[in-house]
Amino acid sequence: MDDPILIWGAGAIGGILGAYWARAGVPVLMVDIVPDHVNICATEGLAIEGPVETFRQVVPCVTPDQLTGTYSRIVLAVKAQATEAALAQLQPHLRADGYVLSAQNGLNEHVIATHIGAERTIGAFVNYGADWIEPGRILFGNRGAVVVGEIDGTPRDRTRELHTLLKIFEPDAVLSDDIWAYLWGKLGYGAMLFATALTPDSMTENFADPARGPALIGLAREVMRTAVAEGVNPKPFNGFDPAAFMPNAPEAAGKQSLADLAAFNAKTAKTHTGIYRDLAIRKRKTEVDPQVGAVAQIAAGHGIDTPCCAVL
């Protein structure tokens, strides 16, 4: 395709994708709402920092009001609560035969499909550690699982192309015929991460603290029970073992998964979640409603009580 990949949201997820693709010679255009960030990315270059790799890459970048033209491939990389607003802005720029890839946390694929159609919606799961530090700077703290898949489970040429593109950034990226299994797994892990953000302690300190184990395990169990009710069999990744949090799983299995998560997060330069940064540093709303809140709503539809999610 001749048109560049349009990345809507040049933060921790979209910015890293854009920098890696641009460095590899893939035509990319990023869109972001922070003018200073846009200017630095397009002129001095976006600085990717941290233990994984450090480099600076100029990436074409504009604000939404500066964007012109239409695009066949749009990667949506905004916070979950900004999905609908971003869709309203990007839809005039999406070609009739184009698609939107959700590179977000949550079940935003459902929201996107409602607006542009399921056949034009693709899902992705990302678990690498990254933080937007300030305009023009993103911390790449650690590698993590990256998965892409069609929401109907049938790989197409476009999904295979996306898989190839994602391998530029993450060599172990996976092309899946069950993207929902990963998205629901991330919701279970994510619920625990929201809980860790209520303390100033690191993710590892939270997962390693036996006193916090029951609350963390309780959250993951509620999400996994809801996933099963939805007909989903969540898949494991990076220390999170969905089977350990199923209704009949032994308590020891949940404790072992917490220990594995503590070990995985001990290796990252990103010590705290983006949720914690939203609360403690950036002083803004988190994604708790479209993630934990969405699980509670779906669970209620199945008659499942989720007291841990409700309190969180």
Side-chain angles (χ1 to χ4, degrees), residues 12-13 76-83 101-114 121-129 144-149 151 153 174 176 178-198 203 206-207 215-247 249 254 257-258 260-261 264-265 273-276 278 285-302 304-312:
I13 295 175
L76 185 57
V78 300
K79 293 284 187 178
Q81 66 267 32
T83 299
L101 171 74
S102 172
Q104 304 165 276
N105 290 316
L107 302 175
N108 302 289
E109 289 79 359
H110 289 313
V111 178
I112 298 167
T114 298
T121 305
I122 303 176
F125 161 87
V126 292
N127 196 49
Y128 58 87
V146 175
V147 184
V148 63
I151 62 174
V174 173
S176 175
D178 192 3
I179 192 64
W180 297 110
Y182 289 96
L183 295 175
W184 272 96
K186 184 64 180 288
L187 281 173
Y189 177 39
M192 294 193 289
L193 292 179
F194 275 96
T196 72
L198 298 177
M203 290 181 282
N206 274 279
F207 285 125
L216 296 173
I217 291 172
L219 284 163
R221 281 182 178 271
E222 289 180 2
V223 180
M224 292 303 98
R225 186 181 176 195
T226 306
V228 171
E230 284 283 283
V232 176
N233 182 24
K235 293 186 181 296
F237 59 89
N238 300 144
F240 180 78
D241 179 11
F245 304 105
M246 290 299 173
S257 187
L258 292 185
D260 293 341
L261 287 168
F264 174 77
N265 285 291
T273 63
I275 308 154
Y276 174 83
D278 283 340
K285 282 180 69 69
T286 73
E287 296 179 292
V288 71
D289 290 329
Q291 290 193 49
V292 180
V295 169
Q297 285 186 328
I298 294 169
H302 291 288
I304 297 172
D305 192 22
T306 54
C308 294
C309 288
V311 171
L312 182 58

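Residue numbers count from 1 along this sequence. Note that this is a predicted model, so its numbers are computed, not measured.
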Checklist entry - Is there side-chain contact between Trp184 and Leu107, with at least one heavy-atom pair below 4.5 Å? => result yes
Checklist entry - Is Gln104 reaching over with its side chain to a backbone N or O of Val78, donor-acceptor style, under 3.5 angstrom? => result yes
Item to check | Test log, rule side chain to side chain contact (heavy atoms under 4.5 Å, CB included), inputs Met203 and Tyr276 | outcome: CA-CA 10 Å; Met203 290 181 282; Tyr276 174 83; over 6 Å; no
Item to check | Non-hydrogen atoms of Val292 and Ala191 that approach each other most closely | outcome: CG2-CA, 4.3 Å
Item to check | CG-NZ distance between Leu193 and Lys186, expressed to the nearest 0.5 angstrom | outcome: 7.5 Å
Show me the donor-acceptor pairs within less than 3.5 Å that the side chains of residues 233-242 make with the rest of the protein, sequence neighbours left out.
from   : atom 1 : to     : atom 2 : distance (Å)
Asn238 : OD1    : Asn127 : ND2    : 2.8
Asn238 : OD1    : Ala145 : N      : 2.9
Asp241 : OD1    : Ala243 : N      : 3.2

Checklist entry - Minimum heavy-atom separation for Ala197 to Thr273, with atom names? => result CB-OG1, 3.7 Å
Checklist entry - How close do Leu183 and Ala124 get, heavy atom to heavy atom, and via which atoms? => result CD2-O, 3.4 Å
Next on the checklist: Please find the pair of heavy atoms, one from Phe207 and one from Leu258, that lie closest to each other, and give the distance.
Outcome noted: CB-O, 3.6 Å
Checklist entry - Between Arg221 (side chain) and Ala249 (backbone), is there a donor-acceptor pair under 3.5 Å? => result yes
Item to check | Distance, nearest 0.5 Å, that separates CD1 of Ile217 from CE of Met192 | outcome: 8.5 Å
Item to check | Inter-residue atom distance Glu222.CD - Leu187.CG, 0.5 Å rounding | outcome: 13.0 Å
Checklist entry - Short question: side chain of Thr83, backbone of Ala80 - any donor-acceptor pair under 3.5 Å? => result yes
Checklist entry - Say you draw a straight line from OG1 of Thr306 to CG of Leu312; how long is it, rounded to the nearest 0.5 Å? => result 10.5 Å
Item to check | Any Ile13 side-chain heavy atom under 4.5 Å of Tyr128 side chain | outcome: yes
Next on the checklist: Quick check for you: to the nearest 0.5 Å, what is the distance between Gln291 atom CD and Asn105 atom CG?
Outcome noted: 5.0 Å
Item to check | Donor-acceptor pair, side chain of Lys79 and main chain of Glu287, under 3.5 angstrom | outcome: no
Checklist outcome for this item: What one should report as the nearest heavy-atom pair of Thr121 and Ile151 is O-CG1, 3.8 Å
Item to check | salt bridge (Lys or Arg N to Asp or Glu O under 4.0 Å) partners for Asp289, two or more places apart | outcome: Lys285
Item to check | Spacing of CD1 belonging to Ile298 relative to CD belonging to Glu230, to within rounding of 0.5 Å | outcome: 5.0 Å
Checklist entry - Would you say the side chain of Val146 lies within less than 4.5 Å of the side chain of Tyr182, judging by non-hydrogen atoms? => result no
Checklist entry - Minimum heavy-atom separation for Thr226 to Ile304, with atom names? => result CA-CD1, 4.1 Å
